[in-house]
Amino acid sequence: MWGSVIHEYLCTGERNAITGRELGKILQLEPRQISIAVEQERRDGHPICATCSNTNPGYYLAENQAEMLRYCDSLHHRAGEIYKTRDACMKTLDSLPR
C-alpha cells in the first residue's frame, strides 16, 4: 500500500512520540491510512508503540523491552475493555425489536 515507511519517520522512546496528525502531514496520508500502515508495520516486526499520554501522545519506536511490554500491556487492557463493551451490547439485543 504505502510501503514500509512509517517506522522511518519515528524516533526511539516514548518521550519522542509523534502524533498521527503530524505523521499525516509529513507523509501526506489521512489518519486512517496512518493507522492501517502502522498496524501492517507492527505485524511485519517493527517495534512501533503508541501512547495516549497527555504530555506526549503519539507513535514511537520502543527503546527497549520494557517500553514494548508496557505497550503490549496497554493493548491487553484495551482488548479487555472492548470485550466488556461487546458483552454489554449483546445483552442489549434482547431489548431491541426483531
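- In the hydrophobic clustering of ILVMFWY residues, with side-chain heavy atoms under 4.5 Å counting as a link, Tyr60 and Leu23 come out apart.
- Grouped by direct or indirect side-chain proximity (heavy atoms under 4.5 Å, Ile/Leu/Val/Met/Phe/Trp/Tyr only), Leu69 sits alone.
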Without placing hydrogens or testing angles, list every side-chain donor-acceptor pair under 3.5 Å for residues 84-94, not counting sequence neighbours.
{"unit_1": "Lys84", "atom_1": "NZ", "unit_2": "Glu81", "atom_2": "OE2", "d": "3.2"}
{"unit_1": "Thr85", "atom_1": "OG1", "unit_2": "Glu81", "atom_2": "O", "d": "3.1"}
{"unit_1": "Thr92", "atom_1": "OG1", "unit_2": "Ala88", "atom_2": "O", "d": "2.9"}

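- Following chains of ILVMFWY side-chain contacts shorter than 4.5 Å, one can reach Val38 starting from Leu61, so the two form part of one hydrophobic cluster.
- For residues 10-31, the set of pairs meeting the side chain to side chain donor-acceptor pair (under 3.5 Å) definition, not counting sequence neighbours, comprises Glu14-Thr51, Arg15-Glu63, Thr19-Glu22.
- For Ala50 against Tyr59, the heavy-atom pair with the smallest separation is CB-CD2, 3.9 Å.
- The shortest non-hydrogen separation linking Ala17 to Asn56 is N-ND2, 3.2 Å.
- Ile48 and Leu75 fall into different hydrophobic clusters, where Ile, Leu, Val, Met, Phe, Trp and Tyr are joined by side-chain heavy atoms under 4.5 Å apart, directly or via other members.
- Considering only residues two or more places apart in sequence or on other chains, Gln40 meets the side-chain hydrogen bond (donor to acceptor under 3.5 Å, both in side chains) condition with Asp44.
- Applying the side-chain contact (heavy atoms from CB on, under 4.5 Å) rule to Ala62 yields the partners Pro47, Cys49, Glu67, Met68; only residues at least two apart in sequence or on another chain are considered.
- Here ring-ring contact (aromatic ring centres under 6.0 Å, His included) pairs that include residues 35-58, with residues two or more places apart or in two chains, are His7-His46.
- Counting only heavy atoms from C-beta outward, the side chains of Tyr9 and Ile18 never approach each other to under 4.5 Å.
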